Visitor: 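Have a look at this one.
The figures that follow rest on heavy atoms only: side chains count, while hydrogens, waters and symmetry mates do not. Values in this document were obtained by computation on a predicted structure and should not be read as measured data.
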Amino acid sequence: MAGAAGGDTIAAVSSGRGGAVAVIRLSGPAAGDVVLALAGRVPEPRRAVLARLRHPDSGEPLDQGLVLWFPAPRSATGEDMAELQIHGGRAVVAAVLGAVLAVPGTRPAQAGEFTRRAFLNGRMDLTEAEGLADLIGAETQAQRRLAFSHAFGHLGQRVEDWRHRLVRAMALVEAGIDFADEDDVPAEARALARPEVEALQRELAQALGDRRGAMVREGALIAIAGLPNAGKSSLINALAARDVAIVSDEPGTTRDLLEVSLDLDGHKVMLVDTAGLREAEGKVEAEGIRRARARIAEADLVLWVHDVAAGPAPDEAPEMEAPAELWLVGNKLDRGAGGESVAGRWAGRSFAVSARSGEGLDVLTRALGGFVTDRTAGGEHPALIRERHRASAAEASAHLGAALAGWEELDDALLAEELRLAARALGRMTGAIGVDDLLDVVFREFCIGK
């Protein structure tokens, strides 16, 4: 599929700003012309050559740097490519990039265009492109490992294996159509196909039920809830080690959700400060409480903050729609007589802290890190971490379910059609088929030069 992306040549700075070295990438049929015009010669493929770069029109020296040449199809995009590794000063980068764009047939790259061309030329599939975007934006070590797995094809390989197995099963079913006059072939072929379809249905169900990879990518959601003035905002400030929430003795100060991202033991965590749960005294506070309850219902873990200075903690969890994991955090130890372990009907664990002095925070922080580690253990393998992945897998699973439900009643043509639709849904996940409407969505995540 080489050359499928277009006939012009694109160029962009692909390195970060402000470094000592900058990299300008080119891709397209005029890449060799640009190198020849600026460096005077095209080096041997995949060998770095030191060259003095000059403006192609005036001949003015611009910089001295390394030039690399990657002829098609053995390049990242599948097209002729070149890299100019130059000094990273703004004036140098602007001058060299301007000289590159002065060569006829060359234009600035659009966001994600290098990766788009790599996909269109068969150098990567959509899951690899998404993994590359995640790798660039990874904030924690767990996210980096997961993104690396996707960027280098592990999820795509898993999905293509499913699809190829499904195509084989479909071929067995279609054998009944091709050999309809034979007495034994249709029944035997269907019998051979069914165990494979059943196995694929189980594997898809298992993949759809595995949320570990999504938690690694998106972060575990931890909601901080409690009555007004329990110290929820003080606790989120203490855990974040900076002032992210307004702290006040006035009840109802927090009226909207406040979220902060943390790195706990190499895992991303989203802490959410919610409005105090009580009978609202106005429309604004009522809306804040409604949003708080909705976010609590979505959380992976809820920390119920109790003011120990106000008296003993409740014997049981308050009534709210919450996940199985619910921890009690007795706050304001610096004002109260001390924390107590609460059993009763609390589903989780209890902690005693002082958000003001920091007492007990190290124990709580370690416990939070352990919670996320336990929930995401093994979640760095190829997984359905995006809604697009899950939607495609769910569609394929639905067609397999319909095929198995009607295995004895459906004729060969209708059964094969269900399997074909399932295979098509999996093919959309990797971009193997029918993804023109997805390209802008996928490649919008990328920066210019990627």
Side-chain angles (χ1 to χ4, degrees), residues 115 119 124-167 169 196-221 267-270 298-300 323 372-404 418-419 421-435 437-439 441-446:
T115 308
F119 167 74
M124 63 170 57
D125 65 33
L126 277 188
T127 62
E128 290 176 284
E130 291 167 326
L132 181 57
D134 286 341
L135 189 61
I136 294 168
E139 299 173 330
T140 68
Q141 292 303 312
Q143 288 179 329
R144 176 189 59 78
R145 288 189 288 267
L146 177 64
F148 183 89
S149 175
H150 283 222
F152 292 93
H154 295 176
L155 176 61
Q157 292 166 10
R158 184 185 189 192
V159 175
E160 281 301 293
D161 175 67
W162 286 338
R163 193 166 72 93
H164 289 155
R165 289 163 58 191
L166 190 50
V167 169
E196 186 73 280
V197 174
E198 290 174 336
L200 285 167
Q201 175 75 320
R202 288 193 299 270
E203 291 175 34
L204 282 172
Q206 183 179 15
L208 284 165
D210 186 353
R211 303 291 298 185
R212 293 172 297 172
M215 186 180 288
V216 169
R217 180 177 182 266
E218 299 164 9
L221 181 61
H267 293 280
K268 182 179 179 180
V269 170
M270 293 298 298
E298 298 172 349
D300 300 297
V372 179
T373 298
D374 291 343
R375 285 295 186 94
T376 57
E380 292 151 13
H381 65 288
L384 307 177
I385 60 173
R386 293 170 179 257
E387 284 306 313
R388 189 182 72 80
H389 302 163
R390 303 183 67 79
S392 293
E395 181 183 348
S397 180
H399 286 297
L400 293 184
L404 291 170
E418 291 291 353
L419 301 184
L421 291 173
R424 181 176 179 82
L426 293 177
R428 281 178 60 82
M429 195 189 306
T430 61
I433 54 174
V435 294
D437 55 328
L438 291 175
L439 295 186
V441 175
V442 172
F443 294 107
R444 195 179 298 140
E445 296 185 36
F446 289 85

Visitor: Is the shortest heavy-atom distance from the side chain of Arg145 to the side chain of Val216 under 4.5 Å?
Guide: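 The answer is no; the side chains never approach within 4.5 Å.
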Visitor: Enter the distance from Glu128:CD to Ser149:OG here, rounded to the nearest 0.5 Å.
Guide: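 Here the rounded value is 10.5 Å.
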Visitor: State, yes or no, whether a side-chain contact exists between Arg388 and Glu130 at a heavy-atom distance under 4.5 Å.
Guide: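 Heavy-atom side-chain distance check passes, below 4.5 Å.
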Visitor: Can you see which heavy atom on Leu200 is nearest to which on Trp162, and at what distance?
Guide: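 Answer, listing the atom of Leu200 first, then Trp162: CD2-CD1, 3.7 Å.
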Visitor: Quick one: does Leu426's side chain get under 4.5 Å of Leu204's, heavy atoms only?
Guide: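 A side-chain contact under 4.5 Å exists here.
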Visitor: Rounded at 0.5 Å granularity, tell me how far CZ in Arg158 sits from OG1 in Thr430.
Guide: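 Rounded to the nearest 0.5 Å, the CZ-OG1 separation comes out at 14.0 Å.
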Visitor: Does the pair Arg165 and Glu203 meet the rule for a side-chain contact (heavy atoms from CB on, under 4.5 Å), with working shown?
Guide: CA-CA 12 Å; Arg165 289 163 58 191; Glu203 291 175 34; 3.0 Å; yes
Visitor: Closest approach of His150 and Gly131, non-hydrogen atoms and distance?
Guide: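 So the minimum-distance heavy-atom pair works out to CB-CA, 3.7 Å.
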Visitor: Contact between Leu146 and Asp134 at the side-chain level, heavy atoms closer than 4.5 Å - yes or no?
Guide: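 The answer is no; the side chains never approach within 4.5 Å.
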Visitor: Do Glu418 and Leu400 have side chains that approach each other closer than 4.5 Å (heavy atoms only, starting at C-beta)?
Guide: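 The answer is no, as the side chains (C-beta and beyond) never meet within the 4.5 Å cut-off.
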Visitor: Taking the side chain as every heavy atom from C-beta outward, state whether Leu166 and Leu419 have any pair of such atoms under 4.5 Å apart.
Guide: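 Yes. Closest side-chain heavy atoms under 4.5 Å.
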Visitor: Check for a donor-acceptor pair, side chain of Arg163 on one end and backbone N or O of Arg424 on the other, with a separation under 3.5 Å.
Guide: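 No, Arg163 side chain to Arg424 backbone: no donor-acceptor pair under 3.5 Å.
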Visitor: Between Gln157 and His154, is there a donor-acceptor pair closer than 3.5 Å when you use the side chain of the first and the backbone of the second?
Guide: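 No, Gln157 side chain to His154 backbone: no donor-acceptor pair under 3.5 Å.
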Visitor: Rounded at 0.5 Å granularity, tell me how far CE in Met429 sits from CG in Asp125.
Guide: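 Here the rounded value is 10.5 Å.
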Visitor: Let me confirm one number: the CD1-CZ distance from Ile385 to Arg217, rounded to the nearest 0.5 Å.
Guide: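 So the gap between those two atoms works out to 5.0 Å.
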Visitor: Just wondering, do Arg390 and Leu208 contact through their side chains at under 4.5 Å, heavy atoms?
Guide: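 Result yes, sub-4.5 Å side-chain heavy-atom pair found.
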Visitor: Rounded to the nearest 0.5 Å, what separates atom OG in Ser392 from atom CD in Glu387?
Guide: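 Here the rounded value is 11.0 Å.
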